Amino acid sequence: MNVLVTGGAGFIGSHTCVELLENGHDVIIVDNFSNSKQICVERIEQIAGKKVQLYSIDIRDRAALSRVFEENSVDCVIHFAGYKAVGESVKLPLKYYQNNITGTITLLEVMEQYGCRMMVFSSSATVYGPENPIPYVETMKTNEATNPYGWTKVMIEQILRDLSAAQPAWSIALLRYFNPIGAHPSGLIGEDPQGIPNNLVPYIAKVATGELESLGVFGNDYDTPDGTGVRDYIHVVDLAAGHVKALDYAARHKGVLEVNLGTGRGSSVLEILHAYERACGHELAYQIKPRRAGDLPAFYADTTKAKELLGWEARFTIEEMCRDSWNFVKRQMEEAE
Ligand code: NAD
Ligand code: UD1
């Protein structure tokens with residue numbers, strides 16, 4: 001298929017482009033590089049040994065986006081483009097609603113105009129909100145986010161369900177990611193956030209390189225085995241493979257599919273820290289800090305639906321996730337020297 005990937009130069013998008021190319025699809029990337037670098041596109045091509053088409057545009061630029069559809073026969077869109085920093089979304093809600101919601105609506109209108117009615121969307125486990133019991137199952141209510149970023153995911157899911165109800169020709173997959181970490185085993189692409197990271201593994205990586213002194217562990221008094229927060233960390237390469245499976249599914253089914261992409265296993269902050277120590281070969285300093293506002297004690301996925309409907313299951317362990325993250329980070333550091 002001819003797959004248009006919005007945000008294809010980003011962390012999850014780049015790994016998905018590799019997986020698409022390796023599975024025989026053609027890829028068109030649309031990215032404004034607000035949170036990624038152009039070199040990433042060359043690296044996707046290097047890993048897959050195939051070229052992609054690149055449009056350096058903003059998905060909110062309707063005229064530019066229309067030209068992409070004019071110049072290509074797009075079969076499907078995988079939609080990653082958007083902002084994702086939870087803390088920033090609380091401070092700058094309009095920035096998030098503008099980019100995530102307006103961007104998605106513009107994209108859907110252009111798709112509709114060109115008769116392209118297949119979309120795979122990057123949703124998040126955050127749509128399950130603070131009240132659902134774990135593990136999260138797709139049939140649970142998803143109408144209570146805790147921050148503007150989370151609300152954009154809840155709202156876009158609803159927009160896509162409404163669109164499908166009105167226009168049954170659409171095929172839509174809402175992929176609810178748990179906590180993607182790791183990097184491509186080649187070390188060529190991975191997660192490279194600017195500034196001080198908010199998320200756990202990028203922060204640990206900077207402690208491992210010596211850029212940051214020690215990890216602040218946000219709370220050790222949760223009702224979890226070691227008192228620290230538990231999450232369902234998933235290797236980004238497994239997540240990328242889930243997109244190819246979702247695309248195959250969407251090509252065969254109309255309507256909306258909601259599906260969790262996680263491993264079904266929870267790991268604590270300290271378990272991840274120790275796995276990273278084994279990956280980088282030295283101890284990493286940490287300090288116990290107060291709980292972070294808005295954090296839940298523990299959540300992980302029920303993965304039954306992904307197994308049954310997509311024939312997809314995560315393969316990588318947290319050891320492998322930390323190994324591949326470190327491999328990427330070390331390589332970046334060496335290249336910068
Ligand atoms: P990322 O920031 O690395 O990738 C997003 C890409 O979209 C970037 O390359 C950015 O430059 C581009 N972009 C942003 N706004 C754009 C616009 N208006 N026009 C064109 N390009 C634009 O993020 P990621 O971690 O790869 O996440 C991808 C998607 O998955 C996002 O929608 C995110 O909300 C969702 N998601 C991510 C996580 C996670 O932990 N990383 C978890 C759940 C859901
Ligand atoms: C967060 C977002 C979620 C988003 C995801 C990916 C919140 C409430 N949730 O998930 O919506 O989809 O990022 O962008 O912000 N931790 C530390 N020290 C740190 C960083 C994190 O102890 O310096 C702990 C956290 O308390 C948590 C775990 O590590 O228990 C994972 O945190 P993080 O990587 O930020 O992901 P989430 O909070 O699960």
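Counting convention: from 1, in listed order, for ligands and their atoms alike. Values in this document were obtained by computation on a predicted structure and should not be read as measured data. Basis for what follows: all heavy atoms, side chains included, without hydrogens, waters or symmetry-related copies.
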Run the salt-bridge test on [X] and [Y] with the 4.0 Å N-O cut-off and return the result as yes or no.
| X | Y | value |
| --- | --- | --- |
| Arg161 | Glu157 | yes |
| Glu45 | Lys50 | no |
| Lys141 | Glu131 | no |
| Glu319 | Arg278 | yes |

Inset, instruction - Considering the heavy atoms of Asp295, write down every atom of ligand 2 situated less than 4.0 Å from one of them. - result: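 Near Asp295, meaning under 4.0 Å from one of its heavy atoms, ligand 2 has 8 (C), 25 (C), 26 (O), 38 (O).
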Legend entry - Ligand-side contact atoms (ligand 2) for residue partner Arg292, heavy atom cut-off under 4.0 Å: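 Under 4.0 Å from Arg292, ligand 2 has these atoms: 25 (C), 32 (O), 33 (P), 35 (O), 38 (O).
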Using a plain distance cutoff, I'd like to know if [X] has any nitrogen or oxygen under 3.5 Å from a nitrogen or oxygen of ligand 1.
| X | result |
| --- | --- |
| Ser124 | no |
| Ser34 | yes |
| Ile59 | yes |
| Lys84 | yes |
| Glu191 | no |

Pick, from [options], the option with the minimum heavy-atom distance to [atom].
| atom | options | result |
| --- | --- | --- |
| atom 18 (N) of ligand 1 | Leu65, Ile78, Val236, Asn99 | Asn99 |
| atom 17 (C) of ligand 1 | Asn179, Val30, Asn32, Leu239 | Asn32 |
| atom 26 (O) of ligand 1 | Asn100, Thr6, Ile12, Asn35 | Ile12 |
| atom 36 (N) of ligand 1 | Tyr149, Phe80, Phe11 | Tyr149 |
| atom 17 (C) of ligand 2 | Phe218, Phe11, Tyr203 | Phe218 |

[X] heavy atoms, cut-off 4.0 Å: which ligand 1 atoms fall inside?
| X | value |
| --- | --- |
| Gly10 | 3 (O), 4 (O), 9 (O), 26 (O) |
| Arg60 | 18 (N) |
| Ser122 | 29 (C), 30 (O), 32 (O), 35 (C) |
| Gly7 | 6 (C), 7 (O), 12 (C) |
| Phe33 | 11 (O) |
| Ser36 | 8 (C), 9 (O), 11 (O) |

Inset, instruction - Could you point out which residue of Lys37, Arg331, Lys206 forms a salt bridge (charged side-chain N to carboxylate O under 4.0 Å, His left out) with Asp192? - result: Lys37
Would one find an N or O of [X], backbone or side chain, under 3.5 Å from an N or O of ligand 2?
| X | result |
| --- | --- |
| Asn199 | yes |
| Gly216 | yes |
| Leu200 | yes |

Inset, instruction - Give a yes/no verdict on whether any heavy atom in Thr152 is under 4.0 Å from an atom of ligand 1. - result: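 Contact check Thr152 vs ligand 1: negative.
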Inset, instruction - Please verify whether a non-hydrogen atom of Gly103 lies at under 4.0 Å from ligand 1. - result: no
Legend entry - atom 12 (C) of ligand 1: the protein heavy-atom neighbour that sits closest, reported with distance to 0.1 Å: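 Minimum-distance protein heavy atom for atom 12 (C) of ligand 1 reads Asp31 OD1, 3.3 Å.
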Would you say the side chains of [X] and [Y] form a donor-acceptor pair under 3.5 Å?
| X | Y | value |
| --- | --- | --- |
| Ser325 | Tyr276 | yes |
| Ser122 | Tyr177 | yes |
| Glu88 | Tyr96 | yes |

Inset, instruction - Please work out whether any backbone atom (N, CA, C, O) or any side-chain heavy atom from C-beta onward of Ser123 is under 4.0 Å from ligand 1, and answer side chain, backbone, both or neither. - result: backbone
Inset, instruction - Quick one: look at Lys153 and ligand 1, take heavy-atom pairs under 4.0 Å, and tell me if it's side chain, backbone, both or neither. - result: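 Answer for Lys153: side chain.
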What I'd like to find out is whether the side chain of [X] reaches to under 4.5 Å of the side chain of [Y], using heavy atoms alone.
| X | Y | value |
| --- | --- | --- |
| Glu71 | Gln53 | no |
| Tyr128 | Ile134 | no |
| Ser171 | Tyr249 | no |
| Leu200 | Leu215 | yes |

Inset, instruction - Report the C-alpha distance between Glu320 and Thr317 in whole Å, list the side-chain angles of each, state the deciding distance to 0.1 Å, and finish with yes or no for side-chain hydrogen bond (donor to acceptor under 3.5 Å, both in side chains). - result: CA-CA 5 Å; Glu320 292 164 317; Thr317 61; 3.2 Å; yes
Side-chain donor-acceptor pairs of residues 10-28 under 3.5 Å, sequence neighbours excluded:
unit_1: Ser14; atom_1: OG; unit_2: Gly10; atom_2: O; d: 2.7
unit_1: Ser14; atom_1: OG; unit_2: Phe11; atom_2: O; d: 3.0
unit_1: His15; atom_1: ND1; unit_2: Phe11; atom_2: O; d: 2.7
unit_1: His15; atom_1: NE2; unit_2: His184; atom_2: N; d: 2.9
unit_1: Thr16; atom_1: OG1; unit_2: Ile12; atom_2: O; d: 2.9
unit_1: Asn23; atom_1: ND2; unit_2: Glu19; atom_2: O; d: 2.7
unit_1: His25; atom_1: ND1; unit_2: Met1; atom_2: N; d: 3.1

Legend entry - Within 6.0 Å of CD in Glu283, more than 12 heavy atoms from elsewhere: no
